[in-house]
Q: 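Dumping the structure here so I can ask a few things about it.
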Amino acid sequence: MTILPGTGRGTGEAGGGGVPPTPRPEVALARKLRRSLGLPEVMLWQKLRGSPGGVRFRRQHPIGCYVADFFCAKARLVVEVDGAIHGVDQRPLRDTARDRFMSDNGYRVIRIGAADILRDAEAVAASIVSLAASPLHHSPSASGPPPRAGEE
């Protein structure tokens, strides 16, 4: 075995040198956003964390070039928390483009008003968990054969 200089192998050193990999811009943004959640997002996250009802959620999850406020991979559900800023300037157009991107890539997007979360975070979280736990469209079973012609 050849030991490369600076790898720390065979010298008792832990690790090697080098520069740690740089995350994609959307990953770096997601990490930053996780540290600066607004009050409605914090309140909702307190209710969604810990897999309520057996449904796992992630917060500030990168999808494509966007960062979803909350995401359930199992249900392919994106939850966006909309505050007052979402009705100002070009924001509605940007939100529409974002929703179209998510939809085109197989994600379902629901938008929740920040005021609704502030009013009753428990009820909002319960409705999100219910939606994620029983999606409207079930994907066909990957374990079985496809249906025969006429049996769809």
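Positions are given from 1, in the same order as the sequence printed here.
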Q: If you take all heavy atoms of Ala68 and Ile63, which pair is closest and at what distance?
A: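 Minimum heavy-atom separation between Ala68 and Ile63: CB-CD1, 4.1 Å.
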
Q: Are there over 12 heavy-atom neighbours, none belonging to Gln46, within less than 6.0 Å of that residue's CD?
A: yes

Q: Please evaluate residues Glu80 and Val109 with respect to the criterion side chain to side chain contact (heavy atoms under 4.5 Å, CB included), reporting the C-alpha separation (whole Å), side-chain torsions for both, the decisive distance (0.1 Å), and the verdict.
A: CA-CA 7 Å; Glu80 290 295 321; Val109 178; 4.3 Å; yes

Q: Membership question, hydrophobic clusters at under 4.5 Å side-chain separation (ILVMFWY): are Leu48 and Val81 in the same one?
A: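 Yes; Leu48 is reachable from Val81 via cluster members.
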
Q: Do Arg119 and Val124 have side chains that approach each other closer than 4.5 Å (heavy atoms only, starting at C-beta)?
A: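 Arg119 does not reach Val124 side chain to side chain.
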
Q: For a quick test of reading the model, state the closest non-hydrogen atom pair linking Ala132 to Ala75 and the distance between them.
A: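 Here Ala132 and Ala75 meet closest at O-CB, 3.4 Å.
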
Q: Is Ile117 linked to Val129 within one hydrophobic cluster, defined over Ile, Leu, Val, Met, Phe, Trp and Tyr using a side-chain heavy-atom separation of less than 4.5 Å?
A: yes

Q: Given the rule that I, L, V, M, F, W and Y join up when any side-chain heavy atoms are under 4.5 Å apart, are Leu77 and Phe71 in one cluster?
A: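 Different clusters.
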
Q: Just verifying a value: how many Å separate Asp95 CG and Met102 CE, rounded to the nearest 0.5 Å?
A: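 The CE atom of Met102 is 10.5 Å from CG of Asp95, to the nearest 0.5 Å.
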
Q: Decide whether Tyr107 and Phe70 are clustered together by the hydrophobic rule: side chain heavy atoms of Ile, Leu, Val, Met, Phe, Trp, Tyr closer than 4.5 Å, transitively.
A: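 Looking at the clustering, Phe70 is in a separate group from Tyr107.
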
Q: Do the non-hydrogen side-chain atoms of Val79 and Asp69 ever get within less than 4.5 Å of each other?
A: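 Contact flag for Val79/Asp69 side chains = no.
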
Q: Might you point out which heavy atoms bring Arg108 and Leu131 nearest each other, and give the distance in Å?
A: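 What the structure gives for the nearest pair is NH1-CD1, 3.3 Å.
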
Q: A side-chain contact here means heavy atoms from C-beta on lying under 4.5 Å apart; do Ile110 and Val78 qualify?
A: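 They are not in contact (no side-chain heavy atoms under 4.5 Å apart), so the answer is no.
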
Q: Side-chain contact test, heavy atoms from C-beta onward, threshold under 4.5 Å: evaluate it for Glu41 versus Gln60 and give yes or no.
A: yes

Q: To the nearest 0.5 Å, tell me how far Lys47 NZ sits from Ile128 CD1.
A: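 Reported to 0.5 Å precision, the distance equals 12.5 Å.
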
Q: Is there a side-chain contact between Lys74 and Arg56, using heavy atoms and a 4.5 Å cut-off?
A: no

Q: Rounded to the nearest 0.5 Å, what's the gap from OG on Ser103 to CZ on Arg98? Could you check?
A: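 Rounded to the nearest 0.5 Å, the OG-CZ separation comes to 14.0 Å.
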
Q: Please test Tyr66 against Phe101 for ring pair (Phe, Tyr, Trp, His ring centres under 6.0 Å), starting from the C-alpha separation and ending with a verdict.
A: CA-CA 9 Å; Tyr66 298 104; Phe101 170 84; 5.3 Å; yes

Q: How many angstroms lie between CZ in Arg91 and OG1 in Thr96, if you round to the nearest 0.5 Å?
A: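 One gets 11.0 Å once the value is rounded to the nearest 0.5 Å.
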
Q: Output the distance between atom CG (Leu44) and atom CD1 (Ile112), rounded to the nearest 0.5 Å.
A: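 Nearest 0.5 Å value for the CG-CD1 distance: 7.5 Å.
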
Q: Side chains of Arg59 and Arg49, heavy atoms from C-beta outward: is any pair under 4.5 Å?
A: no

